[in-house]
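Following: one structure in structure tokens, then a few remarks.
The structure displayed is predicted, hence computed values, not measured ones. Residue numbers begin at 1 in each chain, while the letters A, B, ... track the order of the sequences.
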2 protein chains.
Amino acid sequence: MARPGRTRPATLRMIAESAGVDVSTVSRVLNGSPEEAARAASRETVASIRAWAARLDYRPNPHAKSLRTARSNLIGVLVPRLSDIVLAMIYEGIEDAAARHGWATFVMNSYDRPAEQRARAELALSRRVDGLVIGDAHSDAAFVDEMAARKVPFVLVSRHAGDHPSVTCDGYKGGRLVAEHFLQLGHQHVGVIAGESFASTGLDRTAGFVDRYRQAGVDVPAVHSAFDTAGGHEAAERLLRRHPRPTAIFAVNDFAAIGALGAVRDVGLRPGEDVAVAGFNDTPLASELPLPLTSVRSPTHEMGARALELLVSVMEGRKPVSECLDPELVVRASTLLGRPRGYGRLTERGL
Amino acid sequence: MARPGRTRPATLRMIAESAGVDVSTVSRVLNGSPEEAARAASRETVASIRAWAARLDYRPNPHAKSLRTARSNLIGVLVPRLSDIVLAMIYEGIEDAAARHGWATFVMNSYDRPAEQRARAELALSRRVDGLVIGDAHSDAAFVDEMAARKVPFVLVSRHAGDHPSVTCDGYKGGRLVAEHFLQLGHQHVGVIAGESFASTGLDRTAGFVDRYRQAGVDVPAVHSAFDTAGGHEAAERLLRRHPRPTAIFAVNDFAAIGALGAVRDVGLRPGEDVAVAGFNDTPLASELPLPLTSVRSPTHEMGARALELLVSVMEGRKPVSECLDPELVVRASTLLGRPRGYGRLTERGL
DNA sequence: CTGAAAGCGCTTACAG
DNA sequence: CTGAAAGCGCTTACAG
């Protein structure tokens, strides 16, 4: 395509001709560290080259560089869906950290469909990414095992699978925190909205919650669901039809929790009073809802940034060490309405 | 960086040697349309080349191609913030359409800070993007005017500025729809949470609302705010301190509206009953909130897709025609509680 | 300290 | 129908 009016970007050759040196000298001066530059040319030559580069507004052509070095400085990021704010925040963390390393990233939605995951990964690979951050791993690990077999450098984020390197938030612990909270409030009949059955996040959070209740001698019904409000709504309806009816529901993410609040309201009960509801992730909305939502805070931005750092160590051939970050329970009205004494005690104890 | 174990990708040369033809023939066969391929080689040669390409799992090296053709097939996308679901949905639309054209996109957050906008745009340009979709234009148009002066192919999305090509949703009309709705419900004392003063979205929506009320002989106070829940909360507090107190509030986006609902509750009033609240964008949450939110639906995904198509025409040097898509009012409980008759009438009339 | 050369993997006039 | 050549803008041994 013609770019009418756009002047051609400066090249090393143009600088070399202006400064009266060879293009290889220019490359060494402009590319390397100050020491390398000093080794490559005299002080005046270095100064002259730098001056010309600035004057001509030189920017290295990334395609030429990548072609020559077989590195793209490009990272591909796979997520279930970017319009899920949790993934968007994780991606922001990835993007921030990548920028610090001089890498560009590009994201792709897989909608959690295996065919899309593969297609998107192939696209990324055909773009010659140096590595992949995978945020949509399924717990069967089929797709990520393939990537590993092909020696593609990658890390998982948010969800873990197999024993591939990953940065996650400790969902099991988070689930236990919620169970602990519900038990302290005296709830004996509870339910879990467990999310998709292929996502380690939902599975871990559910397991932590269920295990803690089992320790207290209570069996907990768990129903799978989509991760969005509609999924939470539908799952909550099913839980609320049970006998005895649960007095508290743990949804493994905030959107499902919001759907659950809607379902509680729709069956004529008072959310937060008749039925306590807790979510997970502590998205920015949780605190601002008309009924503020109790939620387990997960460090989304940090998770993304740490995942990128982990990818660095994978790409450098170091032995990667997976990380599992700590969650934190944030108690709000959705589990406390009508129980002001409980509220006081809990906040004092730092929950 | 060494990629231990990763086999080198196939090249045109490898195919050429396997098939016993010149690399240029392979290029013509693999690149062009079927007709061009037919013109480039005999049927058997074409078949043989295709077979070898498949066998060797050939994927063109994008860096070599871009270096040679001076096109990157890369589109840069600038947004205020990707963790704003509205922008995330617009981006999904852009991404979808770009994929159909065989383009890759990468997004960057500017956080609506001019310095970041420039820095991110420079980054994109240094990556040699073929074009830019700008979702964070400020109404002063300073930054986008610069881009235009530099002949960078770009389009605006979501917000317009100057007379640069853009795809937006008709905010003025949307604001009028809400005003109409409030007037029908009998609200004489209303207020607007107007969003950031630099964003055409908030300005247009506010103007439409204010103008319609002015026609009815009512002056409407408008306060600027951040676009998030906290901003809406704070702005609503200011509106609620006025005398007479507004009985209805229009927030120019759903998150601000949710913040407003929280503020109404915090001053001891009943959201939706004592104070009606309407938002804008009809994000997926709106319908699932414990108090379902009246909101103006904007076609976010479509806006993104149309913006990408518009960018195509800009890049092809055609005269771009800006688009302004139609909004639609979706009435829910947040403006109807305690007014069931109004509800019936309004839904019958298709509002 | 500096240069000359080769080559990364493509595309595309030019020639036959 | 097919080939040979040039060149996109870099980097990096190799030489001096």
Just checking B:Phe143 against B:His138, ring centres under 6.0 Å apart?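 Between B:His138 and B:Phe143, which both carry aromatic rings, the centre distance is not below 6.0 Å.
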Touch check for B:Ser42, heavy atoms < 4.0 angstrom, all strands: base, sugar-phosphate only, or nothing?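 It contacts sugar-phosphate atoms only.
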Under 4.0 Å, counting only non-hydrogen atoms across every strand here, what does B:Ala41 touch: a base, just sugar-phosphate, or nothing?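 Result for B:Ala41 = sugar-phosphate.
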In whole angstroms, how far is the [atom2] atom of [N] from the [atom1] atom of [X]?
X       : N      : atom1 : atom2 : value
B:Arg71 : C:dG9  : CZ    : P     : 23 Å
A:Leu56 : D:dG9  : CG    : C1'   : 15 Å
A:Arg43 : C:dT2  : CZ    : C1'   : 18 Å
B:Met14 : C:dG9  : CE    : P     : 9 Å
B:Asn61 : C:dG7  : CG    : P     : 18 Å
A:Asn73 : D:dC10 : CG    : P     : 15 Å
A:Ile49 : D:dC10 : CD1   : P     : 14 Å

Any idea which of [options] is nearest the [X] side chain?
X       : options               : answer
A:Leu12 : D:dC10, C:dT12, C:dG3 : D:dC10
A:Leu67 : C:dC8, D:dT2, D:dA6   : C:dC8
B:Val23 : C:dT2, D:dC10, C:dT11 : C:dT11
B:Thr45 : D:dT2, C:dT2, C:dC10  : D:dT2

Taking [X] for its side chain and [Y] for its backbone only, find out whether a donor-acceptor pair lies under 3.5 Å.
X        : Y        : value
A:Asp130 : A:Asn73  : yes
B:Gln117 : B:Asp136 : yes
A:Thr45  : A:Ala41  : no

Can you say whether a donor on the side chain of B:Arg128 sits under 3.5 Å from an acceptor on the base of D:dG9, or the other way round?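 Not at all, since no donor on one side and acceptor on the other fall under 3.5 Å apart.
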Indicate, yes or no, whether a donor-acceptor pair under 3.5 Å links the base of C:dG9 to the side chain of B:Arg59.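 Side chain to base: no pair below 3.5 Å.
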With a 4.0 Å cutoff (strictly under), does any side-chain N or O of [X] reach OP1 or OP2 of [N]?
X       : N      : value
A:Ser24 : D:dT12 : no
B:Thr25 : D:dT2  : no
B:Ser66 : D:dC8  : no
B:Asn31 : C:dC10 : no
B:Lys65 : C:dT11 : yes

Of B:Arg68 and B:Arg28, whose closest DNA chain D nucleotide lies nearer the 5' terminus?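 Here B:Arg28 is the residue nearer the 5' end.
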Residue whose closest nucleotide on DNA chain D lies nearer the 5' end, A:Asp22 versus B:Arg39: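 This one resolves to B:Arg39.
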Hey, are the side chains of A:Val26 and A:Tyr58 touching, using non-hydrogen atoms and a 4.5 Å cut-off?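 With C-beta onward as the side chain, the pair stays apart.
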B:Arg128 and B:Leu74, any side-chain heavy atoms less than 4.5 Å apart: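 Counting from C-beta outward, B:Leu74 and B:Arg128 never come under 4.5 Å.
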Just name whichever nucleotide pairs with C:dC1, Watson-Crick or G-U, keeping both distances under 3.5 Å, else none.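 Base partner found: D:dG16.
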